[in-house]
Protein chains: 2
Amino acid sequence: MARKKSTVTIQDVAAAAGVSVSTVSRVLNNKDDVAEETYENIQRVIKELGYTSSLAAKSMRSRKTNVIGLIVSDLNQSFCLNVVKGVNRAIERLDYDLLVYTGGDSTDRTWPVRERQYVSLLNGSITDGIIVVTPTAETFSTNFPLVAIDPHRDSTDFPAVIATNRIGAMSAMEHLLGLGHRRIGFIGGRPDLQSAIRRLEGYKDSLRQANIPLDPDLIQIGDFTQETGYRCAKKLISLPERPTAIFAANDKSAIGAIEAIIDAGLTVPNDISVVGFDNIEEASCVHGGITTVDQFIADMGRVAVEMLVNLIQNKPIENTLYRMPTRLLVRSTSQALITKAG
Amino acid sequence: MARKKSTVTIQDVAAAAGVSVSTVSRVLNNKDDVAEETYENIQRVIKELGYTSSLAAKSMRSRKTNVIGLIVSDLNQSFCLNVVKGVNRAIERLDYDLLVYTGGDSTDRTWPVRERQYVSLLNGSITDGIIVVTPTAETFSTNFPLVAIDPHRDSTDFPAVIATNRIGAMSAMEHLLGLGHRRIGFIGGRPDLQSAIRRLEGYKDSLRQANIPLDPDLIQIGDFTQETGYRCAKKLISLPERPTAIFAANDKSAIGAIEAIIDAGLTVPNDISVVGFDNIEEASCVHGGITTVDQFIADMGRVAVEMLVNLIQNKPIENTLYRMPTRLLVRSTSQALITKAG
DNA sequence: CTGTTAGCGCCTTCAC
DNA sequence: GTGAAGGCGCTAACAG
């Protein structure tokens, strides 16, 4: 267990094995032109010394690290979390490793600065390419491979994957409208997030198409959390003319809303239908399954990885903007409006 | 916008500013012996060129990166997620950045290998120190600063922060026993996780102390998810002699259990008291607040960061094993056993 | 098959 | 105050 300094370098290995550094390097990179015997000897020494190559040095020299960076503002949002999952799963199959940088809290004012900072910190150093989730910046000063997930604007400098939030919301609304609902409440998400804005747009657009006037009382601004969903639903329920259906901008809010409805002595979907958005895991089991819009978040991660890897390998990308389709999942929290007898 | 290759290096800055690289380096590191004028000129050029120093090169030369690594097996577990939050928050205050490596799925067989791999990959390269969450390995081949959170064994080679899982479980049990409950069901967590094992131990130890014989039927093995909590509770409810209280090894399971109890036409806590573990955010709002054991997960992250930073700065660490105390939070899902009249 | 040589981008002496 | 030179750990030519 010779350990001179704190780190054992390729030199130490070479010395211990009685060969030159380049031979060790060849073994490290699985070059084929090394004698069987030498190869195994070096492998043994490497193990004995507990040597691991320095990512820093390697990346500096070979401009290739097989590491992909993921920059995400807030892991507390289920959206971000699911993206990470999807990216992770996609990367496992490939020969890449994943490094995540997270700001911890997207409401943090300094995030936009740190986001840019990290893009340049990672790229060109230890990362072959980067995926940024819901970037705040509209452009990045990097020539390195970069893909965005759910960017704020449709047209960006870089390839992106976006959820079809507006269209997804419209499919939910059409479902409710088709069931005969006319008075539909909306529980919004954090107004600073693009996804929340687009879903609200979908809500409004659907009503317009159906020639139903907009009632501002029916729109409650939430923040994508269960607690706020609960509170917003309470307000909707206590309206003089209460809605017969509620469309929540995400499943968490929908779960809170269902709770509020039950607490108010009403039932779902008999008294009020509820539709969510996201299709998080809980949505399939809460209250017998929530009707929701599946946006295939994990798939967005997968697509982003595919695009990024193509970028890294200089392969052409067919679509610079991938729109992930959504799908309405009808479960047991929505049903046809029961019109008053007569 | 001169960009020769893809990256703009310190050399480009030096050339553009008409100085030598060393002067630029001085500016970069805020050395004081640079003329005001030169300093500002270089700063301007840096901004113009959009230069950012390469983490790789810097770390290689100066053996200090101000980056802390966090290795976590599975972000889907609320425990891990909250640790990340805590670590992140703690790090923001200090002058460090955070890099997270996540395996995506702790049930993955290859995780132990990849864990070790990443410890050595990060440390000695781009990271000044590492925090490993619920490490599978009991030792790591690194001389670099490393702190573990919730390691599998009490005695380890490295400093660690552990939750007092067993004691916490016992406090929950004593609470229920104090309320008069004698038939208490247990919904366990993933049996491969140390925390799950220790909580089960606490359950058993408390019963033993109270001289209540162990009924194997009352112990359901779960996996820390809400769905399984639901299923386990169903089984407990349908027991010939059903329990009057359920202690779930985490809040997610407890939430599932409450659901199951309600679905069975019973009420919480009138028919069955429920106590959880973790004190995740939802616990405070579901069903009027779940009685649970707060283990201050985020604080564990904070403590780990403090220990790690001390390690990095070669300051002495007072405790090599920090036991994070737990605290019982009595809310509205537990109440005294209603004994049959007479 | 293996050793030698030359940097990658940066920081740190040591001169001037 | 500033520039020149050396080397961090590694890989990629080129020799042998």
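So that the names make sense, note that chain A is the first sequence line, chain B the second, and so on, each numbered from 1. Everything numeric here is computed off the predicted structure, so don't read it as measured data.
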Taking any heavy-atom pair under 4.0 Å as a contact, classify [X]: base, sugar-phosphate, or nothing.
X	answer
A/Y51	sugar-phosphate
B/S25	base
A/S53	sugar-phosphate
B/V19	sugar-phosphate

Over how many whole Å does the gap from [X] atom [atom1] to [N] atom [atom2] extend?
X	N	atom1	atom2	value
B/I10	C/dC10	CD1	C1'	6 Å
B/L55	D/dC8	CG	C1'	15 Å
A/E37	C/dT2	CD	C1'	14 Å
B/N41	D/dT2	CG	P	10 Å
A/K58	C/dG9	NZ	C1'	18 Å
B/E40	D/dG1	CD	P	15 Å
A/I42	C/dG3	CD1	C1'	12 Å
A/I126	C/dC8	CD1	C1'	16 Å

Paired with B/V87, the side-chain contact (heavy atoms from CB on, under 4.5 Å) test is passed by just one of B/L70, B/V133, B/N82, B/V100, namely B/L70
Should A/S54 be listed as having a side-chain N or O under 4.0 Å from OP1 or OP2 of D/dG9? no
Give a yes/no on whether any side-chain N or O of B/T38 is located under 4.0 angstrom from OP1 or OP2 of D/dT2. yes
I'd like to know if A/S22 reaches the base of C/dT4 with its side chain such that a donor and an acceptor end up less than 3.5 angstrom apart. yes
Between the side-chain atoms of B/T23 and the base atoms of D/dG3, is any donor-acceptor pair under 3.5 Å? no
Would you mind telling me which of [options] lies closest to the side-chain atoms of [X]?
X	options	value
A/N29	C/dT2, C/dC11, D/dT11	D/dT11
B/S62	C/dC11, D/dG9, D/dA12	C/dC11
B/L28	C/dC10, D/dC10, C/dC11	C/dC11
B/K31	D/dT2, C/dC10, C/dT12	C/dT12
B/R61	C/dC11, D/dG9, C/dT4	C/dC11

Pairwise C1' distance for C/dT5 and D/dG6, with rounding to whole Å: 16 Å
Here the gap from A/R26 atom CZ to A/Y39 atom OH, rounded to the nearest 0.5 Å, amounts to 13.5 Å
Start at the 5' end of DNA chain D and walk down; is the nucleotide closest to A/A56 or to B/D33 reached first? B/D33
Using heavy-atom distances to pick each residue's nearest nucleotide on DNA chain D, tell me which of B/R26 and A/M60 is more 5'. B/R26
I'd like to know if B/D192 and B/R190 make a salt bridge, using a cut-off of under 4.0 Å between side-chain N and carboxylate O. yes
Determine whether the side chains of [X] and [Y] contain a donor N or O and an acceptor N or O closer than 3.5 Å.
X	Y	result
B/T134	B/D150	no
B/N310	B/E306	no
A/E37	A/N41	no

